[in-house]
A.B. asks: 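Okay, here's the structure, questions in a sec.
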Amino acid sequence: HVFIMKNADASPVVMNGFSLAAKYSDAVFVGVSLFTLSYNYMRRLFLSYKIRISYTGHVIIFSLDALAYRISKELLGKGYRVVIVENNSESPFIEEIETDGGVVIHSSPFEKKTLDMIGLARARVCILAYDKDEVNIEIAGHISSYSYELFPDEPDPDHDVLKLFMHIADLNNKSVIKDYFDINNT
């Protein structure tokens with residue numbers, strides 16, 4: 001069966017200034033979007049390789065709130081290499097920390113790929129600075145599990161023990177945290 005349309009003349013599309021401007025603005029929008037996506041991906045890839053290749057004995061801070069900002073400013077001022085994991089890409093402190101030499105990774109602290117990217121296996125210290133104790137405890141658990149995966153039998157002889165500092169907002173959680181991580185000292 002053949003379907004034939006009668007009187008189906010294609011009328012030519014008239015291009016006026018508005019439709020031409022709309023086409024060009026759409027093309028520019030798509031181009032900028034693709035550039036932004038590729039730029040962010042390449043930046044993240046570059047930072048990941050930079051940390052993996054040249055960072056050893058660095059300090060990792062989880063969060064970039066006011067407390068973590070003050071800690072990172074002090075550490076950067078004293079010459080430490082600082083990597084910060086921050087979920088919120090709109091944090092007001094990011095630009096200043098990066099200007100001072102810190103590396104800010106926008107990623108979830110609960111993902112194994114993040115812990116790989118930040119060079120956790122070669123870090124000296126981790127500072128868990130979230131305001132909520134539950135988040136800090138959960139991150140500490142992930143760090144502990146990750147470390148056991150890397151060194152199942154014994155620690156790496158070329159690396160010191162990773163020190164973990166945790167911000168505790170509610171001091172009633174101190175004994176819970178000590179029991180959870182089997183910490184005997186105060």
Side-chain angles (χ1 to χ4, degrees), residues 2-77 79-132 135-136 138-139 142-143 145-146 149-150:
V2 177
F3 180 72
I4 300 176
M5 293 178 46
K6 294 185 180 181
N7 298 328
D9 293 333
S11 60
V13 176
V14 177
M15 290 297 241
N16 62 24
F18 293 117
S19 62
L20 191 60
K23 281 187 175 187
Y24 284 122
S25 66
D26 288 346
V28 167
F29 177 74
V30 169
V32 168
S33 299
L34 291 174
F35 173 77
T36 301
L37 287 173
S38 61
Y39 172 77
N40 288 337
Y41 175 77
M42 294 303 289
R43 180 181 182 280
R44 186 178 171 108
L45 189 65
F46 170 75
L47 290 175
S48 174
Y49 283 118
K50 176 182 175 182
I51 294 167
R52 287 181 187 178
I53 292 170
S54 64
Y55 276 41
T56 293
H58 56 287
V59 178
I60 300 171
I61 301 175
F62 289 88
S63 174
L64 190 53
D65 58 9
L67 171 66
Y69 167 75
R70 289 191 303 273
I71 293 169
S72 59
K73 287 288 285 184
E74 187 172 328
L75 290 170
L76 288 167
Y80 288 93
R81 287 184 164 186
V82 178
V83 176
I84 298 155
V85 178
E86 174 58 50
N87 269 339
N88 179 11
S89 61
E90 301 298 319
S91 172
F93 306 117
I94 293 173
E95 188 175 326
E96 187 175 346
I97 293 298
E98 289 179 335
T99 301
D100 290 347
V103 176
V104 180
I105 302 293
H106 307 286
S107 190
S108 170
F110 304 109
E111 296 178 4
K112 182 183 180 303
K113 69 179 183 177
T114 302
L115 301 180
D116 286 336
M117 181 188 313
I118 61 176
L120 184 67
R122 293 176 315 284
R124 176 186 303 174
V125 174
C126 282
I127 301 172
L128 310 178
Y130 281 92
D131 290 334
K132 295 182 180 178
V135 176
N136 289 330
E138 189 174 351
I139 294 170
H142 283 286
I143 290 171
S145 297
Y146 179 83
E149 284 178 25
L150 287 178

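Every heavy atom of this structure was used, including side-chain atoms; hydrogens, water molecules and symmetry mates were not. Numbers here simply count residues along the sequence, with the first being 1.
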A.B. asks: Who pairs with Val32 by side chain to side chain contact (heavy atoms under 4.5 Å, CB included), at least two apart in sequence or on another chain?
C.D. replies: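 Applying side chain to side chain contact (heavy atoms under 4.5 Å, CB included) to Val32 gives Val28, Thr36.
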A.B. asks: Once side chain to side chain contact (heavy atoms under 4.5 Å, CB included) is applied, do any residues pair with Leu76, and if so which ones, sequence neighbours excluded?
C.D. replies: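 For Leu76 the side chain to side chain contact (heavy atoms under 4.5 Å, CB included) partners, ignoring immediate neighbours, are Val82, Ile97, Asp100.
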A.B. asks: Between Val59 and Ile71, is any pair of side-chain heavy atoms under 4.5 Å apart?
C.D. replies: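 Counting from C-beta outward, Val59 and Ile71 never come under 4.5 Å.
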A.B. asks: With sequence neighbours left out, what residues match Lys112 under salt bridge (charged side-chain N to carboxylate O under 4.0 Å, His left out)?
C.D. replies: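 Only Asp116 meet the salt bridge (charged side-chain N to carboxylate O under 4.0 Å, His left out) criterion with Lys112.
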A.B. asks: Has Ser38 got a side-chain atom pairing as donor or acceptor with Phe35's backbone, closer than 3.5 angstrom?
C.D. replies: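 Flag set: sc Ser38 to bb Phe35 pair under 3.5 Å.
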A.B. asks: Show the numbers, then the answer: is there a side-chain contact (heavy atoms from CB on, under 4.5 Å) between Ile139 and Val85?
C.D. replies: CA-CA 11 Å; Ile139 294 170; Val85 178; over 6 Å; no
A.B. asks: Can you list every side-chain hydrogen bond (donor to acceptor under 3.5 Å, both in side chains) pair that touches residues 83-93, not counting sequence neighbours?
C.D. replies: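 For residues 83-93: none.
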A.B. asks: Walk me through it: do Leu34 and Val30 pass the test side-chain contact (heavy atoms from CB on, under 4.5 Å)?
C.D. replies: CA-CA 6 Å; Leu34 291 174; Val30 169; 4.0 Å; yes
A.B. asks: Is it the case that atom CD in Glu111 sees more than 12 heavy atoms from other parts of the structure closer than 6.0 Å?
C.D. replies: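 Atom CD in Glu111 is packed in, count exceeds 12.
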A.B. asks: Going by the rule ring-ring contact (aromatic ring centres under 6.0 Å, His included), which residues pair with Tyr55 if we only count those two or more places apart in sequence or in a different chain?
C.D. replies: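 Per chain and number, Tyr55 pairs via ring-ring contact (aromatic ring centres under 6.0 Å, His included) with His58.
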A.B. asks: Quick one: pull up CG in Leu128 and CD1 in Ile143 and give me the separation to the nearest 0.5 Å.
C.D. replies: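 Rounded to the nearest 0.5 Å, the CG-CD1 separation comes out at 5.0 Å.
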A.B. asks: Only pairs under 3.5 Å count here: list side-chain donor-acceptor contacts from residues 42-49, not counting sequence neighbours, and write none if there are none.
C.D. replies:
{"residue": "Arg43", "atom": "NH2", "partner": "Glu98", "partner atom": "OE2", "Å": "2.5"}
{"residue": "Arg44", "atom": "NH1", "partner": "His106", "partner atom": "O", "Å": "2.8"}
{"residue": "Arg44", "atom": "NH2", "partner": "Ser107", "partner atom": "OG", "Å": "3.2"}

A.B. asks: How close do Ala129 and Asp65 get, heavy atom to heavy atom, and via which atoms?
C.D. replies: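 Nearest pair, atom of Ala129 first, then Asp65: O-OD2, 3.2 Å.
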A.B. asks: Would you sort out whether Ile84 and Phe93 count as a side-chain contact (heavy atoms from CB on, under 4.5 Å), showing the intermediate values?
C.D. replies: CA-CA 11 Å; Ile84 298 155; Phe93 306 117; over 6 Å; no
A.B. asks: Measure the CD1-OG distance between Ile60 and Ser72 for me, rounded to the nearest 0.5 Å.
C.D. replies: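 Ile60 atom CD1 to Ser72 atom OG measures 13.5 Å (nearest 0.5 Å).
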A.B. asks: Report the C-alpha separation of Ile61 and Tyr69 in whole Å, then their side-chain angles, then the decisive distance to 0.1 Å, and conclude whether the side-chain contact (heavy atoms from CB on, under 4.5 Å) test is met.
C.D. replies: CA-CA 9 Å; Ile61 301 175; Tyr69 167 75; over 6 Å; no
A.B. asks: Please report the closest heavy-atom contact between Tyr146 and Ala121, naming both atoms and the distance.
C.D. replies: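 Of all heavy-atom pairs spanning Tyr146 and Ala121, the closest is CE2-N, 4.5 Å.
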A.B. asks: I'd like to know if the side chain of Thr114 reaches the main chain of Pro109, judged simply by a donor and an acceptor atom lying under 3.5 Å from each other, with no hydrogens or angles considered.
C.D. replies: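 No: the side chain of Thr114 does not pair with the backbone of Pro109.
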A.B. asks: Would you confirm whether Arg122, through its side chain, and Arg52, through its main-chain N or O, come within 3.5 Å as a donor-acceptor pair?
C.D. replies: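 Such a contact is found between Arg122 side chain and Arg52 backbone.
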A.B. asks: Quick check: does any side chain N or O of Ser145 sit under 3.5 Å from a backbone N or O of His142, one acting as donor and the other as acceptor?
C.D. replies: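 Answer holds: no.
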